[in-house]
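Beneath this line is the structure, given in structure tokens, with notes to follow.
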Amino acid sequence: MRTVATIDVALDEILVNLATIVLRLSKPELTQTPDARRALAQSVRQYAVCAARSTDPRVHELKTQLEETVKPNLRIVSIDGVKVS
């Protein structure tokens, strides 16, 4: 059982490091093209799948942060005084 726990901890560390890398790559200046946005979204989805079984709170916090990077930016536009979002 000790080996399983050791592997679990090692996987959590790998997930934390991976999320840090993906967060760095999620900067708007690096994800300007549609292909880059799709690649980011795919990386976030794959990370979420891997993170689902983790019990490490850092992994889940990073998953939340990553998911925020792929949410569309909404703008409020005013047409003739009527706000449309």
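Considering all non-hydrogen atoms of both residues, Ala52 and His60 come closest at O-CE1, 4.1 Å. Nearest heavy-atom pair across Lys71 and Glu68 is NZ-OE2, 3.0 Å.
With sequence neighbours excluded, no residue forms a side-chain hydrogen bond (donor to acceptor under 3.5 Å, both in side chains) with Gln46. Not counting sequence neighbours, the partners of Val70 by the side chain to side chain contact (heavy atoms under 4.5 Å, CB included) test are Leu40, Ala41, Val44.
Going from atom CG of Leu62 over to atom CD of Gln65 covers 5.0 Å, rounded to the nearest 0.5 Å. Separating the CZ atom in Arg45 from the CG atom in Leu66 is a distance of 12.5 Å, to the nearest 0.5 Å. Within the model, atoms OG1 of Thr31 and CG of Leu25 stand 9.5 Å from one another, a figure rounded to the nearest 0.5 Å.
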Distance-only donor-acceptor pairs under 3.5 Å for side chains of residues 11-23, two or more places apart:
residue : atom : partner : partner atom : Å
Asp12   : OD1  : Ser54   : OG           : 2.7
Glu13   : OE2  : Arg58   : NH1          : 3.4
Glu13   : OE2  : Arg58   : NH2          : 2.7
Asn17   : ND2  : Glu13   : O            : 3.2
Thr20   : OG1  : Val16   : O            : 2.9

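When each of Gln32, Arg37, Arg38 is checked for a side-chain contact (heavy atoms from CB on, under 4.5 Å) with Asp35, only Arg38 meets the rule.
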Note to self: Please determine whether side chain to side chain contact (heavy atoms under 4.5 Å, CB included) holds for the pair Asp56 and Val9, giving the CA-CA distance in whole Å, both sets of side-chain angles, and the decisive distance to 0.1 Å.
What the structure shows: CA-CA 9 Å; Asp56 189 324; Val9 169; over 6 Å; no
